[in-house]
Chemist: 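Mind looking over this structure? Questions follow.
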Protein chains: 2
Amino acid sequence: MTIGDVAKACSLAVSTVSNALSGKPYVRKETRRKVQEAADRLSYRPSAVAQALRTSRSSTIGVLVPDITNPVFSWMVRGIDDVLFREGRSLFVCSTEGREDKQIQYMHALIDRQVDGLILISQHTHGDDIEAILDNGPPFVLIHRRRRGHKEDYVGIDNDAGMRLAMNHLVELGHRRIAFIRGPTTSTSVEERFGAYRTVIAEARLAAEANLVFQGDYTIEGGMQAGKFLLEQVPRPTAILAANDFSALGVIEAAMRLGFRVPEDVSVIGYDDIFIARMPQVQLTTVYQPKRDIGGAAATQLLRRIGALRRGRPKEVIFPVELHVRATTAPAYSGSRVGPWEQDEVLVP
Amino acid sequence: MTIGDVAKACSLAVSTVSNALSGKPYVRKETRRKVQEAADRLSYRPSAVAQALRTSRSSTIGVLVPDITNPVFSWMVRGIDDVLFREGRSLFVCSTEGREDKQIQYMHALIDRQVDGLILISQHTHGDDIEAILDNGPPFVLIHRRRRGHKEDYVGIDNDAGMRLAMNHLVELGHRRIAFIRGPTTSTSVEERFGAYRTVIAEARLAAEANLVFQGDYTIEGGMQAGKFLLEQVPRPTAILAANDFSALGVIEAAMRLGFRVPEDVSVIGYDDIFIARMPQVQLTTVYQPKRDIGGAAATQLLRRIGALRRGRPKEVIFPVELHVRATTAPAYSGSRVGPWEQDEVLVP
DNA sequence: CCGTTTTCAGAAAACGATTTTAATATCATC
DNA sequence: GATGATATTAAAATCGTTTTCTGAAAACGG
């Protein structure tokens, strides 16, 4: 079932059928109707592949995420899908497992398939290969990790404000020894979060020791390792701030295993506010970020870039964050603070 | 950068370059080396779109899931990706939100893009539109929901055994009023799970009342509604069995809100064993299914189908399940049963 | 009624690869 | 050195569209 078949069916040339179907001018109303009718009757659908080859646009976009099983990213994908589906576009979703080689391979695969654009959530934005691909490839939007020294489309959150909110909350609760679990790489978002931690440490003259910082990998297991390491320090930190919720959940698990109570013996704060944090059994104090909206914003910006203003000036969208105070933080060296059903207390910068 | 450019670069015909690059015979070693060298130098990559048009194979496969943010499905996608990435294929992942119209639209989009095959996880396998697409489209593999009256490739789990395991566990704990939260549709897997529930109810002569069955929607919120409804019954069920973990988590949340303790006042069992169920704060007793392996098996079977044996006889892969007994089940009308750190007790059929 | 513009439809050339078919070297054989 | 078989390479057709270009018919103006 090709355009040739419907051309034959209404005894017209293929070019006429093409024009009629794609709403070009210069085709008589009557003819258009006839074509439309024939196409419907034969339930003709144009080959997206042939269209892509001819027009070099595929109405397809590629998304790279570190790990599709992480709710942070799957909700971002959901947000991307929200807006792209409306526009009749399809999504290639690639889960890179944080591996640079896999990311490169996927990026090539996507470009070979002529995606119209790319949305990238990745630690790896600085390798030679990747930079070469980005510089010669289709338009792209970065989420959460920008390229140093480049002005380009970016969607992220106010990492600094989020960390300050969390740190201030702990300081107000009387904590002076606050440990930090940082992310695995040296991406900009990791630096922003880590930077804010150090700034507050310095400003508030808190304990500043190398042993209070542990490099995690954003997984629950990594968080457990970090928790074990940090909780065995003497003197022990009274609060642990994690760069993401999974790490925080791991810390809590480690604390329980070691016989510490949360928050009585140690306060824990996460980052992201994945839905698990809201569960009544968990009630993790954490920094909220609008994951779905972030994805949506990235998709919208990418569409804008693909469309008219291919060479418009780059746009940065920074979403605000909120601290959702739940039950894993309490005054230093105190008893339990909140009951299980107290409403979230929401702090904004 | 097209194949023509590299042909020019080594002053050969495009056909020769094509043959050389794709390892065809009848091209001299020396020539092949020359071509390879030129292609590398120009870092030529063939256009997957042109290849797809010419060969009508795209080395791309489409995956339809009800909800990418649900860990059950994102882990299945992960398993699919495991095997497909090794084979150099790319994945279109589409999240249908359980909507039939969205699913149809996505299926068309995928077929327009000439995917080589489809992996379907969906309640909707029986509409006229969908059946028409399946019957005329590329090879496909069904996960967890089969089409009634069709013999086709299918990967699933032993739903019946899983439910019996769960029910028997409750019966052995002395429960006689066991409520059930079923899935939203009338798909085969829902029927299998519901059927097993009713069978055990009949076999063990347990309370069998319409009010003990509630139709959920596989979300936490739906589970909360169900929990509220069921826990307000008089007499109250002493145990609630949910068709998936999210529903079970919702039930627990509802129970806590209503002031019931789990498992002292009511036992709860889930289905799927998502990672949340393992968390020490949660410890949900649930039926485990190997999500990642299921995805992998589906991908493997699809590749087999796409390859040599397009017309081989259909294969059904049924994975066994296990009951993971944790802390949300206890004897009827009893006190707490397990401490927080007891190892999982694993029951297999 | 004739020349000019507008309106519409068709033919043909792309897009970038693969595959089929044709053409040319290369070589051994007589 | 002509002949034929066999390796190689080249040319052309093809996949299903869109787009450009060409041309015919109709409408228009004077």
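Everything numeric here is computed off the predicted structure, so don't read it as measured data. The chains referred to below are lettered A, B, ... by the order of the sequence lines, with proteins before strands, and numbering in each begins at 1.
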Chemist: Which part of the nucleic acid, if any, lies within reach of Thr2(B) when heavy atoms closer than 4.0 Å are counted: base, sugar-phosphate only, or nothing?
Modeler: sugar-phosphate
Chemist: With sequence neighbours excluded, tell me which residues meet side-chain contact (heavy atoms from CB on, under 4.5 Å) with Glu152(B).
Modeler: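 Residues passing side-chain contact (heavy atoms from CB on, under 4.5 Å) with Glu152(B): Phe140(B), Leu142(B), Arg147(B), His150(B).
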Chemist: So what does Ser18(A) hit on the nucleic acid, given a heavy-atom distance under 4.0 Å: a base, only sugar-phosphate, or nothing?
Modeler: base
Chemist: Glu37(A): what forms a salt bridge (Lys or Arg N to Asp or Glu O under 4.0 Å) with it, not counting sequence neighbours?
Modeler: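 If we apply the salt bridge (Lys or Arg N to Asp or Glu O under 4.0 Å) test to Glu37(A), skipping adjacent residues, the hits are Arg41(A).
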Chemist: Whole-Å distance between dT9(D) P and Asn19(B) CG?
Modeler: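 Those two atoms, CG and P, are 10 Å apart.
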Chemist: Are Gln36(B) and Arg33(B) close enough, and set up right, to give a side-chain hydrogen bond (donor to acceptor under 3.5 Å, both in side chains), and what steps lead you there?
Modeler: CA-CA 5 Å; Gln36(B) 193 58 259; Arg33(B) 203 196 45 69; over 6 Å; no
Chemist: Please classify the nucleic acid contact of Lys29(B) as base, sugar-phosphate, or nothing, using heavy-atom distances under 4.0 Å.
Modeler: nothing
Chemist: Quick one: list whatever passes side-chain contact (heavy atoms from CB on, under 4.5 Å) with Ile111(A), sequence neighbours left out.
Modeler: Ile133(A), Pro138(A)
Chemist: Mind checking which nucleotides bracket the chain A contacts on DNA chain C, 5' to 3', with an atom under 4.0 Å from a heavy atom?
Modeler: dC8(C) to dG16(C)
Chemist: Take atom CZ of Arg28(A) and atom P of dA24(D), then tell me their distance rounded to the nearest Å.
Modeler: 18 Å
Chemist: Rounded to whole angstrom units, what separation is found between the CZ atom of Arg33(B) and the P atom of dT8(D)?
Modeler: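 It is 15 Å, rounded to the nearest whole Å.
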Chemist: For residues 56-66 of chain A, please give each side-chain donor-acceptor pair under 3.5 Å, one per line with the distance, not counting sequence neighbours.
Modeler:
unit_1: Ser58(A); atom_1: OG; unit_2: Thr60(A); atom_2: N; d: 3.4
unit_1: Ser58(A); atom_1: OG; unit_2: Gln114(A); atom_2: O; d: 2.6
unit_1: Ser58(A); atom_1: OG; unit_2: Asp116(A); atom_2: OD1; d: 3.4
unit_1: Ser59(A); atom_1: OG; unit_2: Arg113(B); atom_2: NH2; d: 2.9
unit_1: Thr60(A); atom_1: OG1; unit_2: Ser58(A); atom_2: O; d: 3.0
unit_1: Thr60(A); atom_1: OG1; unit_2: Arg113(B); atom_2: NE; d: 2.9

Chemist: Could you give the CD1-to-C1' distance, from Ile3(B) to dA10(D), as a whole number of Å?
Modeler: 13 Å
Chemist: Strictly by side chain to side chain donor-acceptor pair (under 3.5 Å), give each pair with a member in residues 3-13 of chain A just once, sequence neighbours left out.
Modeler: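 The answer is none; no pair qualifies.
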Chemist: Test Phe319(B) against Val155(B) for side-chain contact (heavy atoms from CB on, under 4.5 Å), laying out the working first.
Modeler: CA-CA 8 Å; Phe319(B) 280 86; Val155(B) 179; 3.9 Å; yes
Chemist: Whole angstroms only, please: what is the OH-P distance between Tyr26(A) and dT20(D)?
Modeler: 13 Å
Chemist: Show the atom names and distances, to 0.1 Å, of all donor-acceptor pairs under 3.5 Å that link a side chain in residues 17-25 of chain A to residues at least two apart or in another chain.
Modeler:
unit_1: Asn19(A); atom_1: ND2; unit_2: Ser15(A); atom_2: O; d: 3.3
unit_1: Ser22(A); atom_1: OG; unit_2: Ser18(A); atom_2: O; d: 2.8

Chemist: Checking Tyr106(B) now: which residues fulfil side chain to side chain donor-acceptor pair (under 3.5 Å) with it, not counting sequence neighbours?
Modeler: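 For Tyr106(B) the side chain to side chain donor-acceptor pair (under 3.5 Å) partners, ignoring immediate neighbours, are Asp81(A).
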Chemist: Could you identify which residues of residues 52-62 of chain A place a heavy atom less than 4.0 Å from some atom of DNA chain C, listed by residue number, or say none?
Modeler: Leu53(A), Arg54(A)
Chemist: What's the CG-P distance between Asp5(A) and dG16(D), to the nearest Å?
Modeler: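 Nearest whole value for this atom pair: 9 Å.
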Chemist: Which part of the nucleic acid, if any, lies within reach of Thr16(A) when heavy atoms closer than 4.0 Å are counted: base, sugar-phosphate only, or nothing?
Modeler: base
Chemist: So, using side-chain contact (heavy atoms from CB on, under 4.5 Å) as the criterion, who are the partners of Asp129(B) when residues are at least two apart?
Modeler: Ile104(B)
Chemist: Among all residues two or more places apart in sequence or in another chain, which pass the side chain to side chain donor-acceptor pair (under 3.5 Å) test with Glu97(A)?
Modeler: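 For Glu97(A), the residues satisfying side chain to side chain donor-acceptor pair (under 3.5 Å) (neighbours in sequence not counted) are Lys102(A).
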Chemist: Between the opening five pairs and the closing five pairs of the helix from dC1(C)-dG30(D) to dC30(C)-dG1(D), how far apart are the helix axes, to 10°?
Modeler: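 End-to-end axis angle for the helix from dC1(C)-dG30(D) to dC30(C)-dG1(D): 60°, rounded to 10°.
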Chemist: Let me know, please, whether Tyr44(A) or Ala13(B) comes out on the 5' side of the other along DNA chain D by nearest nucleotide.
Modeler: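 Comparing both residues, the 5'-ward one is Ala13(B).
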